[in-house]
4 protein chains.
Amino acid sequence: MRRPEGYRHAVRIGDARTRILDAAEELFATSGYEATPASMIAKLANVPKGLVFHYFPRKIDVLVTLVDERTLVEEDRDVEAVPGDPAGTLSRLARRLPLRASPAMRRILFREADTHVSVRERLSRLNGELIRRARFALELALPTARGDAARLEVAAATFAAVLLYQETLTQLTGHRIDPDAVAELIAGGLL
Amino acid sequence: MRRPEGYRHAVRIGDARTRILDAAEELFATSGYEATPASMIAKLANVPKGLVFHYFPRKIDVLVTLVDERTLVEEDRDVEAVPGDPAGTLSRLARRLPLRASPAMRRILFREADTHVSVRERLSRLNGELIRRARFALELALPTARGDAARLEVAAATFAAVLLYQETLTQLTGHRIDPDAVAELIAGGLL
Amino acid sequence: MRRPEGYRHAVRIGDARTRILDAAEELFATSGYEATPASMIAKLANVPKGLVFHYFPRKIDVLVTLVDERTLVEEDRDVEAVPGDPAGTLSRLARRLPLRASPAMRRILFREADTHVSVRERLSRLNGELIRRARFALELALPTARGDAARLEVAAATFAAVLLYQETLTQLTGHRIDPDAVAELIAGGLL
Amino acid sequence: MRRPEGYRHAVRIGDARTRILDAAEELFATSGYEATPASMIAKLANVPKGLVFHYFPRKIDVLVTLVDERTLVEEDRDVEAVPGDPAGTLSRLARRLPLRASPAMRRILFREADTHVSVRERLSRLNGELIRRARFALELALPTARGDAARLEVAAATFAAVLLYQETLTQLTGHRIDPDAVAELIAGGLL
DNA sequence: AATGAATGAGCGTTCATTCAT
DNA sequence: TATGAATGAACGCTCATTCAT
C-alpha cells in the first residue's frame, strides 16, 4: 500500500524498503523471479545485500510482498452499465480493469502464477472479479430475457480472457488485439 | 527422433536421450525451466548427470530441443469449413489445434516464452497460424459479404486467444472455458 | 593490502583474504595455476571455498591479484655504480634485483607468463627494467668510451637473462649459476 | 622417432597415432598440458575420442610420448672447435643446438618441466649436455692455460643459459638476444 | 537499523576414463 | 583396431542465508 498514485519507473527514491521493492519489481518483471538473485536486487536498489534480508527474511517474501502490496484487485466496485449498449458497457469496463498494478507487476503476476501459490491466488481472484463484473454489466446492459445465464457466462469469461491475455499476447507474438472490437463482437453475439 | 502418435506420460522407457527429454518435459512443465536443476532431470530419467550434458551440452539445449522436436506447428493444413455453419467450423478447428504438443509441452511453451527467444518464436508462429486459419475458416463458412475483413480478423484473434489461453486459465484459476460455446458466441456476433 | 617487509612462508595468519593469497601463492608455485583447484586454496587457507570467490570472483583474479600486489617492479630506482669496477657494480645490482617478490611469486611469474597476459606484461616490464638498469650501471662503471652502445646492450641483456633464468635453471636442472662469477665474466669481456 | 626430416605444422596426415601426437604437440604448446582436454586433441587430430585413449591409456602418456619421441638430446656429438677462435666456436655451437625438437616441442619442454618429472629430466639432460659441450669447445678453442676450470664452467653455463632462455625471453618480453654477440662477449671475458 | 564477511549447499559444466560393441 | 555412449568425480562458480558487529 506504500505506493502513492501512478507508477514510478526505475527511479530509486524513497526509503530502503521501497527501493528494494522497486528494484525487485523491475527485475522480476524482466528476468523472472528465479533468475533474479537477491544480490542484484540489492545492487539496483543501491542498498547493501544484508538489508534485503533484513526486511525480507526469505527471498520469496519479496515476491509475496510485491503481490500483496502492489497488486490490488478491486472487488465490488460499481459497474457502469448503459442499458441497450452492451458493447459500450464492456468497453468501459475494459478501460477500468479492476486491477491496480503497474505493467511490470502484471507481468510478474502472470509469469510467476503457476509456481507460487500466493501469486496464483491473487490472479485467480482477479479473473473471478473480472468475470463477475462483466456478467453483471451485461445483465444490466442487455434487454431483459435476451441472455440466458449460460450464454452470459461464456461471454463474460471470453471477454475476461481477452482482457487478461491481450498483454501477454502482444508481448509474445507482436499481435495486438483491440478490446473495443472484441466488446462489439461479443455484444453482437448476444443480441 | 520425432515422437510417434500420442503422448507418453512419466513413463521412463526408450533410450537415454528420450528418457532425458521425457523427464525434462515433465519437470519443466511442473516447476519451470529455471527451477529445475539438471540433476533432477537426470534422476527422473534414471541416467547419470553427466549423460545429460553428453547429449545436451548446455542445459538450455534441453529446452530448445524439446520445443524443436516436441512442438510442431502444422502450417498450411487444410481447413474444414462448412458454409453456413461458422460456429461448427470454429469448433472443429478448435478440436484440430495446429499444435502437435502434449499438454506439458504447451505449458512449457507459454511459461518460458518470455525469457527464451526460440520458445517465443515458436509460440508466435503458432498464434499466427491459428489466427490465419480461423480467419480463413470463417471466410469460407460465412455467407459472402457478411463479414468485412476487420471484423473477421477480430473474431479470429479472439478465438485464437481463447484457445491458447484457456489451458493456462484453467490451471491458474480453476475456471473452465468451453471453446464450443465461445465459437457459437463469436459466430453469433458475425451473422 | 600490500605485504609488509619480508616474506611469510606457509604461515597461515592474518585475515582471510591474506591467507587465501598466501595459500594460492604457495600452490600456484608448486603445481601451477591450472592444476590448482580453488578448493585446494581454500583448504590450505583454512577458509570455506565460497569465501575464495567472495574475495576473488573468478579464479584468475587470484592470480592477477597476486601478481598485482605481490610483485613490484621498482622502476627508476637509483643505480649504485662504482666507476672502474663494472663487475662489482653488476654484482650489487644482482643483489638488488628490482623485483620485490618472494621466490614463489617469481616462479609463478615465469610459469604462468605465456598463458596469462597480465602476468606476461609484468614479466616484460621487469625484464626491461633490469636491462635498462644494467646498461646504465655499466655506462657509469666503465671507463668512458670503452663500450660502444651495442656491446653494452648485449652485456646488459645477457646479465638480465642470467639473473631471471638462474632460478628456473636451478629448479629444473639442479645446476646452480653464480651471478657474481657471471658479472666478472661479463665485465672482463667489456674491458 | 616417427617424424622424418623437418617439422610438419598443423598438417593432419599420417596414421591416427601420428595425427594424435601432432595435434597434442600443437595444443600443448599453445595452451599448456593442463588446459588441453583430450577431446580437443581428438578433434584436432580428426579421430574419435576413444582412440586417443586406445593409444595412450592416460592423458599424461601423450605428453610423455611426445617428449620421448619428439625431443632428442644428442649427446656425445662432435664439437667443432677452432683453436684461437673461442667466439666463433661458441657461435657455431649455438647454431647446432644438441636438441632436435620443433619450436612447439621446445615450448612444451620448458613449460611443463616443473610439473612433470619425465619432462624435467629431459630438459635437465639437455642443459647438462649443452654446458658440457660449451665447456669442451672452449677448452679446445682457448690458448692452453688461459682459463682455469671454474671460469670455463661459468662461461659455459652462462652461454647455455642464454641459448636455452632466449626463445622464452623473446616470446615473453619481445626482447631479442643475439647468441653471436653473447659468444663474443663471453669469449672476450675469457681471453 | 545497517552491513558486509562468512558459509555451505548445490548448480551447470568439464573431462579423464571405461567399456560394450 | 576403432567407436561413441556412459560414468562419476571434481571443477569453477552462484547464491540464499546467517551473523557478528
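Below, chain A is the first sequence line, B the second, and so on; all start at residue 1. All values derive from a computational prediction rather than experimental measurement.
Residues meeting the side-chain contact (heavy atoms from CB on, under 4.5 Å) test with D/Ser118, sequence neighbours left out: D/Val64. Scanning for side-chain hydrogen bond (donor to acceptor under 3.5 Å, both in side chains) contacts around B/Thr168 gives an empty result, with sequence neighbours left out. Listed by chain and residue number, A/Leu51 satisfy the side-chain contact (heavy atoms from CB on, under 4.5 Å) test with A/Pro48 (two or more places apart in sequence, or in another chain). Remark: C/Pro57 pairs with C/Asp61 by the side-chain contact (heavy atoms from CB on, under 4.5 Å) rule, at least two apart or across chains. A search for salt bridge (charged side-chain N to carboxylate O under 4.0 Å, His left out) contacts involving D/Arg120 returns nothing, not counting sequence neighbours. Residues meeting the ring-ring contact (aromatic ring centres under 6.0 Å, His included) test with A/Tyr33, sequence neighbours left out: A/Phe28, A/His116. Applying the side-chain contact (heavy atoms from CB on, under 4.5 Å) rule to B/Thr65 yields the partners B/Arg17, B/Leu21, B/Phe56, B/Glu69; only residues at least two apart in sequence or on another chain are considered. For D/Arg58, the salt bridge (charged side-chain N to carboxylate O under 4.0 Å, His left out) criterion is met by no residue, not counting sequence neighbours. A search for salt bridge (charged side-chain N to carboxylate O under 4.0 Å, His left out) contacts involving C/Arg107 returns D/Asp114, not counting sequence neighbours.
Note that the two end axes of the helix from E/dA2-F/dT21 to E/dT21-F/dA2 enclose an angle of 10°, each drawn from 5 base pairs, rounded to 10 degrees.
A donor-acceptor pair under 3.5 Å is absent between the side-chain atoms of D/Arg19 and the main chain of D/Val47, judged by distance alone. Between the side chain of B/Arg100 and the backbone N or O of B/Arg70 there is no donor-acceptor pair closer than 3.5 Å.
Of the two residues contacting DNA chain E, namely A/Val47 and B/Met40, the nearest-nucleotide position lying further toward the 5' end is that of A/Val47. Heavy-atom nearest nucleotides on DNA chain E were determined for C/Lys49 and for D/Ala38, and the one closer to the 5' end corresponds to C/Lys49. Between C/Ser39 and A/Ala35, it is C/Ser39 whose nearest contact on DNA chain F lies nearer the 5' terminus.
For DNA chain F, the span of nucleotides reached by chain B at under 4.0 Å from its heavy atoms goes, 5' to 3', from F/dA5 to F/dA10.
Within the nucleic acid shown, D/Ala16 has no heavy atom closer than 4.0 Å to any nucleic acid atom.
Rounded to a whole Å, the CD atom of D/Glu34 is 17 Å from the P atom of E/dT14.
A heavy atom closer than 4.0 Å to some atom of DNA chain F occurs in B/Leu51, B/His54, B/Tyr55, these being the qualifying members of residues 51-67 of chain B.
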